Amino acid sequence: MAPKSDSAEAIVLNYVNEQNRPLNSQNVADSLQKFNLKKASIQKTLDTLADSGKISFKEYGKQKIYLARQDQFNIPNNEELASMKEENAKLQEQLEQQKKAITGVEGEIKILQSNLTLEQIYDKEEKLRKEVKEMEDKLVKLRGGVTLVRPEEKRAVEAIYSEKMSQWRRRKRMFKDLWDAITENSPKDLKEFKEKLGIEYDEDVGVNLQSFSELLQHGKKRARGQ
């Protein structure tokens, strides 16, 4: 009686035939874990299949190796093998051509995806037109002598700026007095000492107190000249 398709015997037999390579019971048990078959059950099933002649086996000491019966397979002759190799070579060539075609199509898709859609172009054009209109309106006001910043707002900003500059000068002077007192009789190299402490001068970070002071004075002179 043929085994049921869902029986352990049918599962093991199908697996051995599909693999068509030498297998031991551990190989089969590892691969058929999804069927919840125990190794002892698989070993017994393999021996049953071998005893009934449904699969072949060889013994190497205590190790048993199982293999699908080869007489159930249609083994091609030399002429058929040569034809299969030729067909395989053609298929490989077609596969490479398809891969190149797919690569080309993917490249075109990326290019198209990077381009704006017609709707996006219209939206961007509308935004740019608004920006141009705003700048043109602002330019007309400036040419007409309209003050865009109220005098009291300008004075408030200048007062804040002036206060910050005063704090900068005061702290710069406090640091110099303290630094001179610490390093007056120090035998250490002052540059190395400064780097070791992580101290940075204004010039080290690309700023200059005088240039910022001149910026404030320049703004005041420009306001008086208007």
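Keep in mind that what you see is a predicted model, and the values were worked out from it rather than measured. Note that these values count all heavy atoms, side chains included, but never hydrogens, waters or copies made by symmetry.
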Backbone N/O of Asp189 and side chain of Glu192: donor-acceptor pair under 3.5 Å: no

Closest approach of Ile65 to Pro22 (non-hydrogen atoms, all atoms of both residues): CG2-CB, 3.6 Å

Are any of the side-chain nitrogens in Lys133 or Asp137 under 4.0 Å away from the carboxylate oxygens of its partner? yes

State, with a plain yes or no, whether a side-chain heavy atom of Lys191 is found less than 4.5 Å away from one of Glu195. yes

Is a side-chain N or O of Gln120 found less than 3.5 angstrom from the main chain of Thr117, in a donor-acceptor match? yes

For Glu9 and Leu49, the nearest pair of non-hydrogen atoms, with its separation, is CG-CD2, 3.4 Å

Assigning hydrophobic clusters by single linkage (Ile, Leu, Val, Met, Phe, Trp, Tyr; side-chain heavy-atom cutoff under 4.5 Å), is Tyr60 placed with Leu23? no

Between OG of Ser56 and CG of Asp71, what distance do you get to the nearest 0.5 Å? 7.5 Å

Criterion salt bridge (charged side-chain N to carboxylate O under 4.0 Å, His left out) on Arg129 and Glu125, from CA distance to verdict: CA-CA 6 Å; Arg129 288 184 182 277; Glu125 181 187 18; 2.9 Å; yes

Assess whether a salt bridge exists between Lys154 and Glu158, defined as any Lys/Arg side-chain N lying under 4.0 Å from an Asp/Glu carboxylate O. yes

Donor-acceptor contact below 3.5 Å, side chain Ser83 vs main chain Glu79: no

Rounded at 0.5 Å granularity, tell me how far CD1 in Ile42 sits from CG in Leu32. 5.0 Å

Counting distance only, does the side-chain N/O of Asp47 pair as donor-acceptor with the main-chain N or O of Lys44 below 3.5 Å? no

In the structure I gave you, are the side-chain heavy atoms of Met165 and Arg169 within less than 4.5 Å of one another anywhere? yes

Under a 4.5 Å cut-off applied to non-hydrogen side-chain atoms, are Phe57 and Leu46 in contact? no

Heavy atoms of Asn17 and Ala68 approach each other most closely as OD1-CB, 3.3 Å

Does Glu119 CD have over 12 foreign heavy atoms under 6.0 Å away? no

So does Met84 get a backbone contact from the side chain of Asn88, meaning a donor-acceptor N/O pair under 3.5 Å? no

Let me check something: do Val157 and Trp168 share a hydrophobic cluster, defined by ILVMFWY side-chain heavy atoms less than 4.5 Å apart, either directly or through other members? no

Any residue meeting ring pair (Phe, Tyr, Trp, His ring centres under 6.0 Å) with Trp179, in chain and number order, not counting sequence neighbours: Phe175, Phe193

Could you check if a side-chain atom of Asp180 sits within less than 4.5 angstrom of a side-chain atom of Glu184, using non-hydrogen atoms only? no

Just so I know, are the side chains of Arg173 and Arg170 near enough to count as touching, which here means a heavy-atom distance under 4.5 Å? yes

Please report the closest heavy-atom contact between Leu13 and Lys54, naming both atoms and the distance. CD1-O, 4.0 Å

Any carboxylate oxygen within less than 4.0 angstrom of a Lys/Arg side-chain nitrogen, looking at Lys127 and Glu131? no

Work out which heavy atom in Leu37 is nearest to a heavy atom in Ala8; give both atom names and the distance. CD2-CB, 4.0 Å

Rounding to 0.5 Å, atoms NZ (Lys194) and OG1 (Thr183) come to a distance of 12.0 Å

Rounded to the nearest 0.5 Å, how far apart are CD of Gln72 and CD of Gln70? 7.5 Å

Single-linkage hydrophobic cluster, 4.5 Å side-chain cutoff, Phe212 and Val205 together: yes

Between CD of Gln43 and OG1 of Thr48, what distance do you get to the nearest 0.5 Å? 10.0 Å

Could you tell me whether the side chains of Glu163 and Gln167 share a donor-acceptor contact shorter than 3.5 Å? yes

Closest non-hydrogen contact found for Leu67 with Asn20 is CD1-C, 4.0 Å

If you group Ile, Leu, Val, Met, Phe, Trp and Tyr by side-chain heavy-atom gaps below 4.5 Å, do Ile199 and Leu190 land in one group? no

Taking atom OH of Tyr161 as the centre, does the number of heavy atoms from other residues, nucleotides or ligands within less than 6.0 Å exceed 12? yes

To the nearest 0.5 Å, how far apart are OH in Tyr66 and OG1 in Thr45? 10.0 Å

